[in-house]
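These notes are about the structure you will find just below.
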2 protein chains.
Amino acid sequence: MTTLLKLQMNDNLYLKDPQDTELGQKIVRHSIQLIDELGLEGFTFKKLSVAIESTEASIYRYFENKHKLLVYLITWYWTWMEYKIDFATNNIKDPYERLEKAMKLITEKKCYDNSFPDVDETALQRIVINESEKTYLTKQVDHDNKFGLFKGYKSLCGRIADIVSEINPKYPFSHSLISTCLQAAHQQVFFAEHLPSLTDHKDAHEEVYSRNFEFIHSLVLKAIQK
Amino acid sequence: MTTLLKLQMNDNLYLKDPQDTELGQKIVRHSIQLIDELGLEGFTFKKLSVAIESTEASIYRYFENKHKLLVYLITWYWTWMEYKIDFATNNIKDPYERLEKAMKLITEKKCYDNSFPDVDETALQRIVINESEKTYLTKQVDHDNKFGLFKGYKSLCGRIADIVSEINPKYPFSHSLISTCLQAAHQQVFFAEHLPSLTDHKDAHEEVYSRNFEFIHSLVLKAIQK
DNA sequence: CTTTGCTGATAGTATTACTATTATTTAGTA
DNA sequence: TACTAAATAATAGTAATACTATCAGCAAAG
């Protein structure tokens with residue numbers, strides 16, 4: 001059996017914690033499904049309210065707008081990833097091994113995690129691939145950042161960059177390297193599916209993830225070589 | 001004196017070539033200024049029509065919608081970059097030197113190019129930094145791609161990847177490497193300004209570009225080492 | 001038993017992203 | 001010079017979006 005867990009999220013991401021009520025959980029569950037299906041642009045609170053058999057007004061009591069809801073979902077994903085990396089690298093001494101584990105977790109195709117019954121991680125990973133950049137590529141990025149909305153992503157990036165610094169304390173671009181790799185981890189999957197000439201991952205679908213791991217892992221190792 | 005040039009763009013990007021008429025040029029000029037100022041989300045054809053002292057209906061005769069207009073502007077930028085790289089690497093034999101030139105051109109801060117009086121390249125680079133991903137992160141990406149809307153970007157990526165292959169024909173990830181770097185070239189500038197903990201480029205504004213060149217250039221060289 | 005808070009129901013508004021129609025201006029040609 | 005065609009301006013209109021506001025019913029907590 002699996003332990004049911006609740007990830008601690010920044011208060012500013014929501015007006016009312018959706019993890020606390022049944023309606024909130026329904027909002028999360030169905031918004032993942034709908035954003036995955038329709039894309040962020042096609043997704044509206046109206047459509048979501050129909051899906052959850054409630055009203056727009058009720059959704060607005062949980063999330064200020066659809067942008068905040070998106071940031072909430074993406075942050076959940078990065079927080080989950082950091083938790084997984086912590087869990088998997090706990091008690092491992094060798095930083096190379098920890099780095100490899102982290103890269104593997106970042107790049108692998110996600111499947112359903114029983115600890116979080118409300119979240120379809122497979123669909124959420126697709127949302128991360130397709131929509132995550134839209135969380136910060138806005139005019140309100142500085143405002144959102146001031147309220148800590150991107151803490152999840154920054155924390156994950158810092159965590160992995162620390163492993164890099166442990167391996168080679170003189171490498172001057174640990175944060176840039178890791179933020180670039182986090183980006184590449186999903187961007188290359190997107191390209192493989194939609195714009196394949198921008199990648200070298202042209203094979204069967206499942207193989208894209210392992211090829212991408214090879215690409216990113218070797219990129220990092222060579223970059224930080226002493 | 002400088003030669004006035006016209007970049008050849010894919011027909012499918014517009015309904016009527018804006019480079020052919022005064023109104024079209026005004027649309028391009030003011031849309032760059034307005035998108036830079038308001039962001040893509042805040043930008044509307046209504047506001048543009050006020051800026052150019054014309055009407056929405058007239059703009060719709062040139063561009064199907066604001067997404068197509070954005071793709072047009074971004075494609076112009078990448079086509080321009082490829083032209084600059086061609087120009088600068090012409091007659092250079094050494095592929096390392098050509099690669100370095102290309103990386104330098106990609107990462108440097110752009111300033112006004114007299115050959116194209118209608119385009120404010122400084123503002124356009126900011127638009128590329130803030131909005132370029134939104135061109136393909138949509139549900140219609142496959143449809144748009146079928147009509148060749150991303151040819152400019154793909155062509156530039158392929159061009160630089162060829163230099164990589166010339167240096168090390170055995171490196172298996174030349175396209176992934178270059179698409180990752182093209183992305184990092186603007187993403188890191190964005191992070192330096194808005195989310196600095198995701199980079200190591202925390203210095204004065206102008207220096208960000210040269211630090212970023214160092215980061216990306218060394219990343220590429222180490223990655224493709226034999 | 002009452003208060004509080006949550007939810008649902010309903011309504012309404014400003015803005016957006018278009019489309020359609022007609023009038024006017026301009027440019028090219030007979 | 002007159003005629004024609006194309007481009008543009010002016011105007012109007014529509015469906016959908018992204019909210020905001022109000023109020024009533026219901027359940028749980030004090």
Side-chain angles (χ1 to χ4, degrees), chain A residues 11-31 34-35 37-73 118 131 134-135 137-140 143-144, chain B residues 11-31 34-35 37-73 118 131 134-135 138-140 143-144 149:
Chain A
D11 288 1
N12 296 315
L13 290 166
Y14 47 75
L15 296 170
K16 183 177 156 59
D17 191 339
Q19 295 181 296
D20 284 350
T21 69
E22 210 162 308
L23 184 64
Q25 288 164 348
K26 252 175 125 178
I27 290 173
V28 169
R29 218 170 334 122
H30 285 87
S31 66
L34 277 179
I35 295 175
E37 189 181 310
L38 307 170
L40 185 68
E41 283 69 37
F43 168 81
T44 68
F45 277 7
K46 185 95 213 44
K47 289 172 188 165
L48 178 57
S49 75
V50 173
I52 63 173
E53 291 170 297
S54 178
T55 60
E56 274 184 275
S58 299
I59 299 167
Y60 277 106
R61 277 182 213 112
Y62 286 84
F63 294 100
E64 227 176 302
N65 50 50
K66 82 173 175 180
H67 179 249
K68 284 275 176 71
L69 171 54
L70 177 71
V71 179
Y72 177 89
L73 296 176
D118 280 330
E131 322 287 356
K134 298 171 191 167
T135 55
L137 293 176
T138 68
K139 280 282 164 187
Q140 345 107 46
H143 180 264
D144 287 354
Chain B
D11 288 1
N12 297 315
L13 290 166
Y14 47 75
L15 296 170
K16 182 175 155 62
D17 192 338
Q19 293 180 298
D20 284 350
T21 68
E22 211 163 308
L23 184 65
Q25 289 164 348
K26 254 175 124 177
I27 290 172
V28 169
R29 219 172 330 123
H30 285 86
S31 66
L34 277 179
I35 295 174
E37 189 182 310
L38 307 170
L40 184 69
E41 283 69 37
F43 168 81
T44 67
F45 278 6
K46 185 93 213 45
K47 290 172 188 166
L48 179 57
S49 73
V50 173
I52 63 174
E53 291 170 300
S54 178
T55 61
E56 274 184 275
S58 299
I59 300 167
Y60 278 105
R61 270 182 227 110
Y62 286 84
F63 294 100
E64 226 175 301
N65 50 50
K66 83 172 173 180
H67 179 249
K68 283 275 175 72
L69 170 54
L70 177 70
V71 180
Y72 177 89
L73 296 176
D118 281 330
E131 322 287 356
K134 298 171 191 168
T135 54
T138 68
K139 280 282 164 188
Q140 344 107 47
H143 180 264
D144 287 354
L149 300 203

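On a predicted model such as this, the values are computed, not experimentally measured, just so you know. In what follows, every chain begins at residue 1, and chains take the letters A, B, ... in the order their sequences are listed.
- Between B:Glu56 and B:Leu23, it is B:Leu23 whose nearest contact on DNA chain D lies nearer the 5' terminus.
- Distances from the side chain of A:Ala57 to the nucleotides C:dA17, C:dT7, D:dA21 place D:dA21 closest.
- Side-chain atoms of A:Glu56 never come within 3.5 Å of backbone atoms of A:Phe45 as a donor-acceptor pair (strictly under, hydrogens ignored).
- Regarding B:Lys26, its NZ atom lies at a distance of 11 Å from the P atom of D:dT8, rounded to whole Å.
- Distance, B:Lys46 NZ to D:dA10 P: 11 Å, rounded to whole Å.
- In this structure, the nucleotide among D:dA7, D:dA9, C:dG8 sitting nearest to the side chain of B:Thr55 is D:dA9.
- In the set D:dT20, D:dT8, C:dT16, C:dT16 carries the atom at the smallest distance from any side-chain atom of B:Thr44.
- By the 4.5 Å heavy-atom criterion applied to side chains, B:Asp20 and B:Gln25 are not counted as neighbours.
- Residue B:Ser54 has a polar side-chain atom (N or O) positioned under 4.0 Å from OP1 or OP2 of D:dA9.
- If you take CD of A:Glu41 and P of C:dT16, they are 17 Å apart, rounded to a whole angstrom.
- Candidate nucleotides C:dG8, C:dT16, D:dA18 were compared by shortest atom distance to the side chain of A:Lys66, and D:dA18 ranks first.
- The base of C:dG8 sits within donor-acceptor range of the side chain of A:Arg61, with an N or O pair under 3.5 Å.
- Between B:Tyr60 atom OH and D:dA7 atom P there is a gap of 20 Å when expressed in whole angstrom units.
- Using modelled atom types and a 3.5 Å distance limit, the side chains of A:Thr21 and A:Tyr62 yield a donor-acceptor pair.
- Side-chain contact check for A:Ser31 and A:Tyr72: no donor-acceptor pair (N or O, by modelled atom type) lies under 3.5 Å.
- In this structure, CZ of B:Phe45 is placed 19 Å from C1' of D:dA10, rounded to the nearest angstrom.
- A:Phe63 comes within contact range of no nucleotide atom at all, as no heavy-atom separation falls under 4.0 Å.
- The side chain of B:Ser58 contributes an N or O atom lying less than 4.0 Å from OP1 or OP2 of D:dA9.
- Minimum heavy-atom separation, B:Leu38 to A:Lys139: O-CG, 3.5 Å.
- Per the geometry, CZ belonging to A:Phe43 stands 9 Å off P belonging to D:dA18, to the nearest Å.
- Residue B:Leu15 contributes atom CG, which lies 16 Å from atom C1' of D:dA6 at whole-angstrom precision.
- Summarising the geometry, the separation between NZ on B:Lys16 and P on D:dA5 is reported as 18 Å, rounded to the nearest angstrom.
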